[in-house]
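Below: the structure, in structure tokens.
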Amino acid sequence: MGTVVATAPPQSRPRKLTAFWRDGDKISHLVTFIFAASVFLVTVFLVYELWIHSGLSRAKFGFSFLTGTTWDPNTDQFGALPFIYGTVLTSFIALVISVPLGVGAAIFLSELAPPKLSNACTFLVELLAAVPSVILGLLAIFTLVPLMRQYIEPFLKHTLGDLPLFQGPAYGVGYLTAGLILAIMTFPFIISISREALLAVPREQREAALALGATKWESTWQVVVPFARLGILGSIFIALARALGETMAVTMVIGNDTGIHTSLLSPGYTIAAMIANNFTEATGDIFLSSLVELGLVLFALTMVLNAGAQLLIIATTRKGSRQD
Amino acid sequence: MDQLKRRNILNNIMLTLTGVCTVITSSALFLILGFLVYNGWRSLNWDFFTKLPLSAGEVGGGLANAIVGSGVLIVIAAVIGIPVGFMGGIYLAEFGGKTFSMLVRYTADLLNGVPSIVIGIFAWTVIVVPLHHFSAWAGGFALSLMMIPIGLRATEQFLRSVPNSLREGSLALGASKTRTVMSVVVPAARQGILTGMILGVARIAGEAAPLLFTSFNNQYWSKTLNEPTASLPFMIYYLAGSAYDDWHRQAWAAGLVLLALVLIANIASRWVLSRGASAQRG
Amino acid sequence: MRRQMLWIAFLAVAATTAASAETINAAGATFPAPIYQKWFENFHKAHSDVQINYQSIGSGGGIRQLTEATVDFGASDMPMTDEQLAKVTKFKVLHFPTVLGGIVPTYNVPGAADLKFSGATLSGIYLGNIKKWNDPALVKDNPGVKLPNEDITVVHRSDGSGTSFVFTDYLSKVSPEWKMKVGANTSVNWPVGLGGKGNEGVAGLVKQTPNSIGYVELIYAVQTKMEYGSMKNLAGNFVKADFNTVSEAAAGAAKEMPADFRVSITNAPGKNAYPISSFTWMLIPDKIDNATKKKSIKDFLAWMLTTGQQDAEGMSYAPLPKSVVAKEQKQLALIK
């Protein structure tokens, strides 16, 4: 039995290349790979450009850029602390308002509301996340700021004016107003994601608590919410990351003052607002380089937060599957 | 008995509070729409859509160039962003190797989280500085960077949700992988992918920060894509910060138009998605 | 068929990316923006093929964008320093004064009109030393006016501004404390106050905030119908900014105008000279490659120096002194 096995002769290089171009699958693999790689490359390039264009100020100030409190274009002294402070403070105010509000609404929508109502309200809240920042800024300037200046801030000064947090003139613009606007921009994320996390809690948990005699609230607050806490925490991280980078609405109501102030009623600055106001006009290379470095700092902050949120999400899914 | 009563009262209070939270948050959108309609409705006339802005202090004029400019920027962003997101998503779902895919996903998420002002800085360094002028290209490029992660995620997600049985069936019939993906899998996922793209467009339509130093602004019509270009979000920012009542009036009208478009796009994308889901089920 | 489609596509792209011959891009000071926009509009009506797109982003922006060559020319109320001029490598920058203007202290104090300020009180307010409207120093200068017992909300510029430069230049001249602590520049480290973007932003903030004070170019106070005060000048008289007082401030400088036209006329001597006056300049490259743009810019400048000057008074600016105009017309020849 002599079977003749036909073997193809080893292909030469040019033959391999033509074979490649004839293989549609390999081409589409390559094409889609190029597009996917471009996403990767562009992001790397972005970080690179930020690094390069902030070179002058990084060389001049080093780490003291992060702790410096003076921002003086006249003497070329630039310190980022007032802007980091303003960014963190306004985001913190935003969370203090939006977390209770958002988690509360998420609880209602997942535990108490009938499904149709729950879906409808969630839909409305998620649409809110689509409202452009500049439109919220527009609203803030003409409706929120006068409200703050004429009623809310005087009220706060009247009642809580002894605290250093509420001293100084009632401008209407400032940290508190910016924080309020950021709260509006962040609670949709908290509601949407927390609701999902709460809905994912297995029914048995609730039923077990109720069977033990807990009220609905006790079952929710002491059993369901802790079970979903990683997801809720993840939503807070995502909301925070969004708040840190918000530019337009904040620029329009922050008051544009480059100092560090304890009073919430005082005008201030955030990193994003500073860049927005000054980038096209920075005369002087160190000035411009410092602004790019501010962008780098903001990027690093949001990157850390997003990474934290990712880890939480991974932990939630792993924990969830273990709990089964 | 006393303790039970207390617990029950607490129960009722807290649950009512959560209801209040829901009412506040759900009505926020209506409040915003309400203010915009109330303040902007009267200014939406034929002039607004057809005339150019007038100089400081003069009454009248419109935002025709800003409306068209926004359209141009969105088209440029979509022409760049949709193919990259779509093809990249196909790679991740159908062809990707494990580590590289993870890398791409991570950087896409990173890109998604970059503050829009920083994206503006990047577009400025990469396009405006070397070419020495502001342009619609720079603005469109900046916006496309914000679109790509959304399109990428949606494409990958919805392609993955297509059951493998469809793929295997197609391959069993002798189709190549490319043919399978393009003619079987993608059509099956098309509603989801379309939703992602619409959401991406809606997201960038309202962005002003990336345009501040890329497409900048223009009093007149931009005749080419190589010049500064007016846009609705930029004009809202500029007009709102001025001291002229007439300009404020126009800012409200522009805000109303922009919000209406963004909301319609969002609602439309959901409708598309729900149609797709029911079609798959049905 | 395919080939033709490709050509059409190529031509379409080429057409859209070909440089536009006639839109000239400019950016800079908000101080003269109202009259510049009017000029560009009127010039366009007379020469319909010339379109000048002017974005008022502040003098700092004008200088920066001209240095980066992202605009065809800039505009600034602060003459470029030697350091800034050295950074512009592609061409030399020619300063062309365009109009004279005055910066007024505009305020929003219900019930108070025609307030008088001096260098001492104004610097005191902006340093944060004078905190309330009924401070003794203000009361002394304003006998008979009921000043309220309210905090002063100080408004300054948040962007790089030539108006800020002129204002801080004046404060530096009248207040040693200001000169030492803050100095004069387009962007400074303001001790107190809110920041508004552009002259428009400052005017907007003052208009909307009771008990506030800001500094704006005269026309912004006039157009928004806001109150503005008079300033005590070097001769000791309180004068309000207008055509005459601003022109008088420039009279001395006009006689001794340097060749590059860079001067400061704040705190000028003269019985009725307005102390916070300034020239404002268009920053023109001395070498313009695009022949059509060069002709348009030169034509515009020539028009501006003659016909354009007639618009100044009506818009609350003051026209350039005749001797300065003559010198500038000679400088036109330097644009190649």
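Chain identifiers are assigned alphabetically (A, B, ...) following the order of the sequence lines, protein sequences preceding nucleic acid strands; residue numbering begins at 1 within each chain.
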Side chain, backbone, both or neither: which part of A/L139 has an atom under 4.5 Å from a heavy atom of chain B? both
Non-hydrogen atoms of chain B under 4.5 Å away: do they reach the side chain of A/H29, the backbone, both or neither? both
Could you tell me the separation between the CG atom of B/L259 and the CG atom of A/L136, rounded to the nearest 0.5 Å? 8.5 Å
Hey, can you tell me if A/F40 and B/F100 have their rings parallel, tilted or perpendicular (30° and 60° cut-offs)? perpendicular
Note: vs chain A, highest number of non-hydrogen pairs under 4.5 angstrom among B/L152, B/V181, B/L103, B/L17 is B/L103
Looking at A/L244, A/L138, A/T302, which one has more heavy-atom pairs under 4.5 Å with chain B than the rest? A/L138
A/V39: which residues meet the side chain to side chain contact (heavy atoms under 4.5 Å, CB included) condition with it, sequence neighbours left out? B/V84, B/A108, B/I148
Side chain, backbone, both or neither: which part of A/L50 has an atom under 4.5 Å from a heavy atom of chain B? side chain
If I measure from the heavy atoms of chain B, does A/A37 come under 4.5 Å with its side chain, its backbone, both, or neither? both
Just jot down the side chain to side chain donor-acceptor pair (under 3.5 Å) partners of B/T178, sequence neighbours excluded, or say none. A/D25, A/S28
Under a 4.5 Å heavy-atom criterion, the part of residues 110-119 of chain B in contact with chain A comprises B/L110, B/L111, B/G113, B/V114, B/P115, B/S116, B/I117, B/V118
Hey, which of B/V262, B/I32, B/L29 is the one that makes side chain to side chain contact (heavy atoms under 4.5 Å, CB included) with A/L127? B/L29
Heavy-atom distance under 4.5 Å to chain B: side chain of A/A130, backbone, both or neither? both
A/L288 versus chain B, the contacting section by heavy-atom distance below 4.5 Å: side chain
Look at B/V126, B/L92, B/N39 and state which one has the largest set of heavy-atom pairs under 4.5 Å with chain A. B/V126
Name the region of A/T122, side chain, backbone, both or neither, that has any atom closer than 4.5 Å to a heavy atom of chain B. neither
Tell me, out of A/F279, A/F299, A/F187, who's got the most heavy-atom pairs with chain B below 4.5 Å. A/F279
Specify which of B/N266, B/I121, B/L33 makes the most heavy-atom pairs with chain A at under 4.5 Å. B/I121
Assert top hit (heavy-atom pairs under 4.5 Å, partner chain A, pool B/R203, B/M182, B/H248, B/E207) equals B/H248
Bottom line for A/P188: the part with an atom under 4.5 Å from chain B's heavy atoms is neither
For the interface with chain B, which of A/L41, A/T215, A/T143 has the highest count of heavy-atom pairs at distances below 4.5 Å? A/T215
Flag the one option from A/I141, A/I107, A/L112 with the top tally of heavy-atom pairs under 4.5 Å to chain B. A/L112
So, using side chain to side chain contact (heavy atoms under 4.5 Å, CB included) as the criterion, who are the partners of B/I74 when residues are at least two apart? B/V201, B/A205
